[in-house]
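In what follows, chains are A, B, ... by sequence order, proteins preceding strands, each numbered from 1.
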Amino acid sequence: MSIKGKAYIAGVYEHPTRKAPDKTVAQLHAEVARGALKDAGLTKDDVDGYFCAGDAPGLGGFSMAEYMGLKLRHIDTTETGGSAYLVHVSHAAQAIATGKCSVALVTLAGRPRSERAGGLLSINFGPAPDAPFELPFAPVTANRYGVSAMRHMYQYRTTSEQLAWVKVAASHHAQYNPNAVLQDVVTVEDVVNSPMISDPLHRLDCCVVSDGGGAVIVVGPEVMKSLKKPRVKIMGAGEFPKHLNGGKMDLTVSGAAWSGPTAFTEAGVKPSDIKYASIYDSFTITVLITLEDLGFCKKGEGGKFVADGNLISGIGKLPFNTDGGGLCNNHPADRGGMTKIIEAVRQLRGEAHPKVQVKNCDLALAHGTGGSLGTRHGSATLIMERE
Amino acid sequence: MATPAQDRKIAAPAVTPDTQAFWEAAKQGTLLLKKCPKCKELHYYPRPHCPFCFHDQTEWVEARGTGVIYTFSVTRRAEIPYAFAYVTLDEGVTMMTNIVDCDLDAIRIGQKVKVVFKPTIDGPPVPMFAPL
């Protein structure tokens, strides 16, 4: 059984806020839910399936279902960090295909910009079995990605300048997004001359910190027929949790090496068919490694692939993150998966900014990496088609 | 320009019954690993269950305490800069650690290192590595 063609993305909404000191996280969840329902042409009463992850306050799905007054037949709170929302779309398609629900709502929201005083993100997941063997060594998000970047540079001679091109491309797109946190175009020199955060990642190799959120509505073919929006069909999906494997691991490889082929096989397409890609960009290295693992270039050749504007819409071969991505636009709740789906849907509908809209964009990919490349993460790939 | 490694204040690791032997050995300056008597694989961090064959009676073995730097990242935006790293031990398993007692700017992947135990606040010492 496959989800190919069994479900559609009918509504999307990205909250325009990037700083929300006067709103609660629950309120932001409700606001993005309203936005996505309006976009789809549906109402709250149509929703019978709800999906959310660790950013949902209280007892996750139950607390939010009560807060929003949802009447549900199906609930799924799969948590894979920032990639969870891509997993949710896949699981929503599965639930719709098996009759467990007909209109699925997926929400994400958070306020890290308002709640965190600054400094490097150090996530404490509670009494994890790995904690005594890791926390003494002060892992933070930046160094847990830094170790992957450093090893990739050692093994494949990847350079800081090549990594910088990922940020440069994102900034070229963000200049057209009035909601983006960073709207100035930057150069390779700007990136490599910005302060070093954790070797080899500079300040401009890192994504922004922003409040906000987003939501997606997934429906079956029958519901989609009754709606007016362009038809964005789910073609295939893959998910993969990668971990340290008992101390026998390769930190230059991400879970995309497994989630990607699963999604491509289900969709019946190959990387060269993809017209636009949303790639989770917590850091520049995240994009470079993901593109290799998804098969857009050979392993180890990501540096060459991303260089010289190859990811810039209208210039390069693979336009990516045309909203400016997490690197420039938005990284709500420290979780970039939702905005990856939203911009891919905009591209497929032809609703991206005219300056970055990919011509004849009929096949798009969105990919998320939740957790960290240097320890454990959940990868999720989603392939969608304009019908 | 050199960035000399400085000692940081380290919170005590949570000692659990299944890892108590590891921390007792650490107090004696010995690094322990877990080995599966069934499939013969070593693993890290230590667990009673083998993560490879799922046998439930893994055994403690002493590591030589030497290895090479697999990768590292000097975290500079911190009160005290430090080298977050992974070291591949001679026995073949790779473990998260810090590289210490050296110039942080001179650390290289592939460098040979030896375990040194650094004190924690009211807890057992933790295994870090210094260049040989």
Of the backbone (N, CA, C, O) and the side chain (C-beta and beyond), which part of A/Pro129 lies under 4.5 Å from a heavy atom of chain B, both, or neither? both
Counting only heavy atoms not in B/Asp56, do more than 12 fall under 6.0 Å of its CG? yes
Residue pair B/Tyr86 / A/Val147: nearest heavy atoms and the distance that separates them: CE1-CG2, 4.0 Å
Is B/Thr120 close to chain A through its backbone or its side chain, or both, or neither, when contacts mean heavy atoms under 4.5 Å? neither
How are the rings of B/Trp23 and A/Phe133 set relative to one another: parallel (under 30°), tilted (30 to 60°) or perpendicular (over 60°)? parallel
Chain A contacts, top residue of B/Pro51, B/Ala14, B/Gly92, B/Gly123 (heavy-atom pairs, under 4.5 Å): B/Ala14
Looking at chain A, which one of B/Met128, B/Lys34, B/Arg8, B/Lys118 has the largest number of heavy-atom pairs inside 4.5 Å, strictly under? B/Arg8
From CG (A/Asp199) to CZ (B/Arg76), nearest 0.5 Å: 4.0 Å
Checking side chain to side chain contact (heavy atoms under 4.5 Å, CB included) for the pair B/Tyr70/A/Leu251: CA distance, chi angles, key distance, verdict? CA-CA 9 Å; B/Tyr70 170 74; A/Leu251 293 185; 3.8 Å; yes
For chain A, which candidate among B/Val74, B/Thr88, B/Val15, B/Thr94 shows the most heavy-atom pairs at distances under 4.5 Å? B/Val74
Answer with side chain, backbone, both or neither: which region of B/Pro127 has an atom nearer than 4.5 Å to a non-hydrogen atom of chain A? both
Answer yes or no: is there a donor N or O on one side and an acceptor on the other, between the side chain of A/Lys248 and the main chain of B/Tyr44, under 3.5 Å? no
Give, as side chain, backbone, both or neither, the part of B/Arg47 having an atom under 4.5 angstrom from any heavy atom of chain A. side chain
May I ask you to decide if B/Phe84's main-chain N or O and A/Asn143's side chain share a donor-acceptor pair within less than 3.5 Å? no
OG on A/Ser198 to CZ on B/Arg77, rounded to 0.5 Å: 11.5 Å
With only heavy atoms counted, which part of B/Thr19 is less than 4.5 Å from chain A, the side chain, the backbone, both or neither? side chain
Can you give me the closest heavy-atom contact between A/Gly246 and B/Val93, atom names plus distance? O-CG1, 4.1 Å
Counting heavy-atom pairs under 4.5 Å with chain A, the top scorer among B/Val126, B/Ile10, B/Thr97 is B/Thr97
Under a 4.5 Å heavy-atom cut-off, does chain B meet the side chain of A/Leu201, its backbone, both or neither? neither
Taking B/Thr71 for its side chain and A/Met150 for its backbone only, find out whether a donor-acceptor pair lies under 3.5 Å. no
Give the member of A/Gly146, A/Gly374, A/Ser148, A/Ala138 that has the highest number of heavy-atom pairs under 4.5 Å with chain B. A/Ala138
Tell me, for A/Met249 versus chain B, whether the close heavy atoms (under 4.5 Å) come from the side chain, the backbone, both or neither. both
Counting only non-hydrogen atoms closer than 4.5 Å, does B/Ile109 touch chain A with its backbone (N, CA, C, O), its side chain (CB onward), both, or neither? both
Ring centres of A/Phe137 and B/Tyr82 under 6.0 Å apart? no
Just how far is it from atom CZ of A/Arg151 to atom OG of B/Ser73, taken to the nearest 0.5 Å? 14.5 Å
Non-hydrogen atoms of chain A under 4.5 Å away: do they reach the side chain of B/Met96, the backbone, both or neither? both
